[in-house]
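Read through the structure below, which is laid out as structure tokens, and then see the notes.
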Amino acid sequence: MTDVSKLSEYDFIVVIDKSGSMGEPNKPGSTVTRWEAVQESAMTFVRDVEKFDSDGLGMVLFSGAGVSSHDGVTGDKIREVFAQHSPRGSTPLAEALTAALALAGKSDKKDFIVVFTDGVPDDRAAAAKVIADASHKQETDDALTILFVQVGNDSGAAAYLKSLDDDLKGCKFDIVDAKTQAEADAFATTGELVLAAIND
């Protein structure tokens, strides 16, 4: 039995990559784009965790065209948010993480940030620094967890996200977990995926 009651201790923030490459097929030969696939995954995530995060979730969408933050997002509202955006531009992950961290800490709950992304960011070092700096502000290991879920199957993106999970230097705590979409989908419930990332 999964201890889902633990999830009510967290505020959740969903970060969505809307860079130009998200318009590409999710898998070779697929008619579904990464952008369409991520909407499905994000909607499922929001609907599942809003049972535990009753004041709505934080949401950040990012690309070279800009970073947009939303708060109080529910399963009903997320479709409206997606309708205002489309994939284009580059991948400013550091700025997106900074925006997500600004939404975090709005209550005395712990924070869980899930990032859906398909590629390598514009500035790897800047993204790593944002994560490391955030870890140094934590007093406990589980005060903040960042889960990266890879959209699509780009090998460079997979290697980059694995390096964030396994090789990130200068952190006070190991707060990053990374999963491919297939690994994330293998969990029976969203709750189990979240708890695995928290406990990893």
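All residue numbers refer to positions in the sequence shown, counting from 1.
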How far does [atom1] of [X] sit from [atom2] of [Y], to the nearest 0.5 angstrom?
{"X": "Thr44", "Y": "Glu40", "atom1": "OG1", "atom2": "CD", "value": "5.0 Å"}
{"X": "Thr91", "Y": "Asp122", "atom1": "OG1", "atom2": "CG", "value": "5.5 Å"}
{"X": "Glu192", "Y": "Asn199", "atom1": "CD", "atom2": "CG", "value": "11.5 Å"}
{"X": "Trp35", "Y": "Ser19", "atom1": "CH2", "atom2": "OG", "value": "9.5 Å"}
{"X": "Asp174", "Y": "Ser135", "atom1": "CG", "atom2": "OG", "value": "9.5 Å"}
{"X": "Glu80", "Y": "His85", "atom1": "CD", "atom2": "NE2", "value": "11.5 Å"}

Are [Y] and [X] connected into the same hydrophobic cluster when the rule is that any two of I, L, V, M, F, W, Y join if their side-chain heavy atoms are below 4.5 Å apart?
{"X": "Leu93", "Y": "Val151", "answer": "no"}
{"X": "Leu144", "Y": "Val60", "answer": "yes"}
{"X": "Met43", "Y": "Leu7", "answer": "yes"}
{"X": "Val115", "Y": "Ile13", "answer": "yes"}
{"X": "Val176", "Y": "Leu97", "answer": "yes"}

Counting heavy atoms not belonging to [X], are there more than 12 under 6.0 Å from its [atom1]?
{"X": "Lys77", "atom1": "NZ", "result": "yes"}
{"X": "Lys172", "atom1": "NZ", "result": "yes"}
{"X": "Glu139", "atom1": "CD", "result": "no"}

Can you check whether Pro25's main-chain N or O pairs, donor with acceptor, with Lys27's side chain at less than 3.5 Å?
no
Gln150 side chain vs Asp154 backbone, donor-acceptor pair below 3.5 Å:
yes
At their closest point, which heavy atom of [X] faces which heavy atom of [Y], and how far apart are they?
{"X": "Val120", "Y": "Gly156", "answer": "CG2-O, 3.7 Å"}
{"X": "Ala42", "Y": "Ile16", "answer": "CB-CD1, 3.7 Å"}
{"X": "Ser107", "Y": "Asp11", "answer": "OG-OD2, 2.6 Å"}
{"X": "Asp165", "Y": "Ala178", "answer": "OD2-N, 3.2 Å"}
{"X": "Leu164", "Y": "Ile131", "answer": "CD2-CD1, 4.2 Å"}
{"X": "Thr31", "Y": "Glu36", "answer": "O-OE1, 3.8 Å"}

Step by step, work out the side chain to side chain donor-acceptor pair (under 3.5 Å) result for Asp76 and Thr74.
CA-CA 5 Å; Asp76 294 332; Thr74 60; 4.8 Å; no
Can you check side-chain contact (heavy atoms from CB on, under 4.5 Å) on Thr33 and Met22, steps first, answer last?
CA-CA 7 Å; Thr33 66; Met22 290 291 286; over 6 Å; no
Any carboxylate oxygen within less than 4.0 angstrom of a Lys/Arg side-chain nitrogen, looking at Asp177 and Lys179?
yes
Met59 vs Ser69, test: side-chain contact (heavy atoms from CB on, under 4.5 Å). Steps then yes/no.
CA-CA 6 Å; Met59 189 170 178; Ser69 296; over 6 Å; no
Please assess Lys109 against Asp111 for the test salt bridge (Lys or Arg N to Asp or Glu O under 4.0 Å), listing each intermediate value before the final yes or no.
CA-CA 6 Å; Lys109 286 183 170 186; Asp111 291 291; over 6 Å; no
Is any side-chain heavy atom of [X] less than 4.5 Å from a side-chain heavy atom of [Y]?
{"X": "Gln181", "Y": "Arg34", "value": "no"}
{"X": "Leu161", "Y": "Val149", "value": "no"}
{"X": "Asn153", "Y": "Pro28", "value": "yes"}
{"X": "Gln39", "Y": "Ser41", "value": "no"}

I'd like to know whether Ser86 forms a side-chain contact (heavy atoms from CB on, under 4.5 Å) with Lys18, so could you lay out the CA-CA distance, the side-chain angles of the two residues, the decisive distance to 0.1 Å, and finally the verdict.
CA-CA 6 Å; Ser86 59; Lys18 58 166 191 160; over 6 Å; no
Among Phe45, Phe52, Phe187, Tyr10, which residue satisfies the side-chain contact (heavy atoms from CB on, under 4.5 Å) criterion with Val194?
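Output: one option passes, namely Phe45.
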Run the side-chain contact (heavy atoms from CB on, under 4.5 Å) check on Phe62 and Glu95 step by step: do they pass?
CA-CA 8 Å; Phe62 70 101; Glu95 291 86 340; over 6 Å; no
